[in-house]
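Presented below is the structure to which this report refers.
First listed ligand is number 1; within each ligand, the first listed atom is number 1.
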Amino acid sequence: MHVIYLAGGIASGKSTVARVMKELGAEVIDLDDLSRQALAPWSPIIPKIVEEFGEDVLRSNGLVDREKLAARAFATMERSVTLEEIELPVIDDLLRMSIAKLRDEETAEREKNPDAPEKIVVVEIPLLDRMRGSFDMADEIVGVLCPLPARRARAIQRGMKPGDFDCRREKQPTDFYIRAHANYVFNNIRPMDVFEQQVRDWWKSREEAGWAPVPRGGVHGDVEKA
Ligand SMILES: CC(C)(COP(=O)(O)OP(=O)(O)OC[C@H]1O[C@@H](n2cnc3c(N)ncnc32)[C@H](O)[C@@H]1O)[C@@H](O)C(=O)NCCC(=O)NCCS
Ligand SMILES: Nc1ncnc2c1ncn2[C@@H]1O[C@H](COP(=O)(O)OP(=O)(O)OP(=O)(O)O)[C@@H](O)[C@H]1O
C-alpha cells in the first residue's frame, strides 16, 4: 500500500486533485469527513466540547451546531487550539483505523489474487502541521498551492462568508510550511481542465516509477518537482 498525504489550505484544490486520483483508482480519505465523525452524537469527546464551548453548541437532536461551534472556535487562536486539542487525537485514531482497514483489505485481496494491484491511498489534509505526529504513515506528501485571491473568491462563491474564510485561513499552515514538507507541489494556477491533466500526468509518472520512494520535503520556489 502507498499512502499519499495531500496537503493544502482552504479552497486550494485538494478535493479536485483527490477526485481525479479517485478516478485513476485511488482510495480517498478526507480528514474533514473524519472530523465530522469525531463530532458524531455518540463520540466520547462531545461532553468536553459542550464543557468548553457551551451547551447550546448541541442542537436538541444531539447534533453539533457546526456553524455555532465554528464561530466560537475560530474567534481566537486560543479557542481554535482548544478545539483542536480535543478533536485531533480522535481524528488521528480514525485515520490510523481507516488506513489499517484498507491495509487488511489489500492483504485479503492479495491472498485471493497475488497479482492484485497495490492500493494507493490519498489522505486530504487541510492542516498539515497538526498531523506531524502521523507523518510516519505517509509514503509521500504532495501539496496543493493556489494564490490566495483565487482561493478566497472560490470559497466565497461556494457560499462562505469572507470573514469566515479569513479567520480559518490565517490559522492554517503557510505555503512555505507545505513546500518544506512536500516532495511534490501542484500549483493550481491554470484552468480546471489543464489542472486536472497535470494531476493525471503526475499520477502516470509515479505509477510508471512503481510508486518508488521519494525524498521527503524541500520543494521551494515556483517549481513543481522536488
Ligand atoms: C469547527 C468545525 C465544526 C466547523 O465545521 P464546518 O462544517 O464549518 O467546516 P469543515 O469541517 O467542513 O471544514 C472546512 C474547512 O475549514 C478549515 N478548518 C477546519 N478546521 C480548522 C482549524 N482548526 N483551523 C483552521 N481551519 C480549519 C479547513 O480548511 C476545512 O477544509 C470543524 O471545522 C471542526 O471540527 N474543526 C476542527 C477539526 C480540525 O482541526 N479539522 C482539520 C483536520 S486536519
Ligand atoms: N483550477 C481551477 N479552476 C477553476 N476552479 C477551480 C480550480 N481548482 C479548484 N476550483 C474550484 O475551487 C473550489 C475549491 O476547490 P476544492 O474543493 O478542490 O478545494 P479544497 O482544497 O478541497 O477545498 P476545502 O478547503 O473547502 O476542502 C471548488 O469549487 C473547485 O471546483
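Residue contacts with ligand 2 for Arg154 involve side-chain atoms from C-beta outward but no N, CA, C or O (heavy atoms, distance under 4.0 Å). Neither the backbone nor the side chain of Val17 comes within 4.0 Å of ligand 2, counting heavy atoms alone. If you look at Ala73 next to ligand 1, there are no close heavy atoms at all, none under 4.0 Å. Contacts between Gln172 and ligand 1 below 4.0 angstrom, taking non-hydrogen atoms only, involve the side chain exclusively. Only the side chain of Leu31 comes within 4.0 Å of ligand 1, judged by heavy-atom distances. Counting heavy atoms under 4.0 Å from ligand 1, residue Leu34 does not touch it at all. Of all the heavy atoms of Leu83, the ones lying under 4.0 Å from any atom of ligand 1 belong exclusively to the side chain.
At a threshold of 4.0 Å, the pair Asp92-Arg96 counts as salt-bridged, since one of the basic side-chain nitrogens sits closer than that to a carboxylate oxygen. One finds no salt bridge joining Arg72 and Glu52 here, because no Lys/Arg side-chain nitrogen approaches an Asp/Glu carboxylate oxygen to under 4.0 Å. Using a cut-off of 4.0 Å between Lys/Arg side-chain N and Asp/Glu carboxylate O, Glu27 and Lys119 are scored as salt-bridged. Salt bridge annotation for Asp201-Lys204: absent, with no cationic side-chain nitrogen under 4.0 angstrom from a carboxylate oxygen.
In terms of N/O distances under 3.5 Å, ligand 1 is approached by Glu84.
Of the protein's non-hydrogen atoms, Ala70 CB, 3.8 Å is the one closest to atom 4 (C) of ligand 1. Given atom 16 (O) of ligand 1, the protein heavy atom at minimum distance is Arg168 NH1, 2.9 Å. Regarding atom 32 (C) of ligand 1, its nearest protein heavy-atom neighbour is Arg66 NH2, 3.7 Å. Looking only at protein heavy atoms, the nearest one to atom 35 (O) of ligand 1 is Glu87 OE2, 2.6 Å. Among protein heavy atoms, atom 40 (O) of ligand 1 sits closest to Leu127 CD1, 3.5 Å.
For atom 17 (O) of ligand 2, the nearest non-hydrogen atom from the set Glu124, Arg158, Arg151 belongs to Arg158.
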